[in-house]
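Notes for the one structure printed next.
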Amino acid sequence: MEDIFLLRVAIDCRPESDSSPDDADYFVYRAGNQRSPWLSRLERPHPFFHDDDVSLLSRDANYTVAVLIATGTPIYDLHIFHSENPANWIYRTVLVTEPQRMVPMVVPEKCSRLLFHENSTVISIGGGAGTMGWVDLWYGILLCDVLRDEPTLRGVPLPVPLNMVSCNNGMGAELGCTHPFRGIAFIKGGSGNPDDCLKLVHLEATFTLVRSYKVHDWAVVTYTNTAMTSSFQDWRMDCRIQASDIIIDDKIKSELLQSGLLGPGSGQTLQNLFVSHPTPDISAAAHEGVVYLIARKKYRHPQAWVLAVDTRNKTLLGAAEFGTERQP
């Protein structure tokens with residue numbers, strides 16, 4: 001199995017610099033066991049794009065880079081780069097021919113972010129048509145078969161974050177950056193579960209905010225979608241687990257106490273930790289329901305850990321210290 005990555009190298013990203021955000025080079029890096037690792041620079045002139053606009057599709061010895069840029073209309077700009085033809089970027093305009101269905105409820109003004117698409121991340125689905133999906137983790141997915149001669153876009157909605165829409169006596173909550181609350185992946189079918197599917201993880205938290213966040217409990221909700229059409233009904237909720245119900249065996253609990261993540265004030269449970277960035281497992285065992293979370297003792301604490309949670313058996317599989325620097 002080989003992994004392929006797109007890397008952005010900025011010439012100068014200091015705040016006081018006069019450099020443009022476009023002053024960066026992009027490299028494709030392949031690492032694997034079957035071939036020697038290699039690094040290749042994308043040819044200029046490439047279009048200006050943000051990290052959330054670009055996707056990378058591995059095709060055996062070749063690869064495709066695709067960039068989808070919004071224009072404020074149902075027509076998008078699509079830029080494609082095939083490694084077989086490194087001298088040229090292909091430019092097309094693409095239309096949303098199959099829009100996703102509208103949110104099936106009245107949306108509070110604070111949650112108006114649910115009514116339009118803004119790229120959060122991109123997933124590679126592959127197949128003969130080279131399907132890629134540009135994801136707005138609040139709104140939905142725009143699927144595009146980038147290897148077709150005349151590609152178009154088709155919409156797939158995401159489950160509505162009901163806890164955020166219905167809170168504050170129906171006034172809802174402001175929907176800001178998506179990544180602390182949601183994660184998505186495309187999971188290839190295996191012998192135990194032959195169906196390819198989309199896997200979405202949604203994080204719900206109960207907290208109070210005075211001078212800082214005080215977390216009372218949190219829950220992880222997982223969804224699966226094997227059809228990937230314009231219907232909300234394609235999504236099936238797999239499970240919902242409360243942090244207070246997650247089982248920690250004695251060995252892992254001892255390690256967390258020694259590391260400092262758990263302490264006397266935490267009650268030696270996970271429910272009062274500040275957690276974020278839920279991510280579904282994309283390994284061969286992904287259908288078993290493993291989810292990863294970043295955990296801190298409190299909001300903006302400089303130390304962070306990655307938790308591996310078995311959502312089906314409500315068990316903490318392990319934890320590893322992730323970082324020790326405070327984010328701006």
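- Chaining together hydrophobic side chains whose heavy atoms lie under 4.5 Å apart places L153 alongside L57, L68, Y76, L78, I80, I90, V94, V96, V122, M132, W134, L142, V146, L147.
- Other residues, nucleotides and ligands place no more than 12 heavy atoms under 6.0 Å from the CZ atom of R148.
- The shortest distance between side-chain heavy atoms of K199 and D238 falls below 4.5 Å.
- Annotation: the span from F186 atom CZ to I282 atom CD1 amounts to 11.5 Å, rounded to 0.5 Å.
- Each side chain to side chain donor-acceptor pair (under 3.5 Å) pair with one or both residues in residues 111-125, not counting sequence neighbours, appears once here: D53-N119, S55-S124, R113-D136, H117-N119, S120-T178.
- Counting only heavy atoms from C-beta outward, the side chains of I246 and L307 never approach each other to under 4.5 Å.
- Side chains of P108 and V165 form a contact here, defined as non-hydrogen atoms less than 4.5 Å apart.
- In this structure the side chain of W235 never reaches within 4.5 angstrom of the side chain of M237, judged on heavy atoms.
- For the pair W218 and L293, the minimum side-chain heavy-atom distance is below 4.5 Å.
- Between Q242 atom CD and E204 atom CD the span is 7.5 Å, to the nearest 0.5 Å.
- Here the CG-CG distance, from N225 to L158, works out to 9.0 Å after rounding to the nearest 0.5 Å.
- In this structure, S58 and R30 approach most closely via the heavy-atom pair OG-NH1, 3.5 Å.
- What you find for G140 and Q100 is that their closest heavy atoms are CA-OE1, 3.5 Å.
- Contact check for V67 versus F81: no side-chain heavy atoms found under the 4.5 Å cut-off.
- Residues W138 and C177 share a closest heavy-atom pair of CZ2-O, 4.1 Å.
- Proximity of T152 to L95: side-chain heavy atoms (C-beta onward) are nowhere separated by under 4.5 Å.
- Going from atom CG of D217 over to atom CG of N272 covers 7.5 Å, rounded to the nearest 0.5 Å.
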Exercise. Take Y26 and F49, measure what ring-ring contact (aromatic ring centres under 6.0 Å, His included) needs, and give me the verdict at the end.
Key: CA-CA 11 Å; Y26 295 85; F49 54 85; 4.6 Å; yes

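- With values rounded to the nearest 0.5 angstrom, E109 atom CD is found 8.5 Å from E174 atom CD.
- In terms of heavy-atom proximity, W38 sits nearest to V28 at CZ3-O, 3.5 Å.
- Other residues, nucleotides and ligands contribute at most 12 non-hydrogen atoms within 6.0 Å of the NZ atom of K314.
- A 4.5 Å side-chain heavy-atom check between L137 and F181 finds every atom pair outside the cut-off.
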### Task
Assess whether side-chain hydrogen bond (donor to acceptor under 3.5 Å, both in side chains) is satisfied between S231 and T229, documenting all intermediate values.
CA-CA 6 Å; S231 174; T229 73; 4.9 Å; no

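- Here D145 pairs with R154 in a salt bridge; the nearest charged N to carboxylate O distance falls below 4.0 Å.
- Here the straight-line distance linking atom CH2 of W89 with atom CD of E43 works out to 10.5 Å at 0.5 Å rounding.
- For M105, the CE atom is densely surrounded, since the number of other residues' heavy atoms within 6.0 Å is greater than 12.
- Each of D310, T311, T315 was evaluated against N313; a single residue qualifies, D310, per the side chain to side chain donor-acceptor pair (under 3.5 Å) test.
- For D77, the side chain to side chain donor-acceptor pair (under 3.5 Å) test picks out Y91, with sequence neighbours left out.
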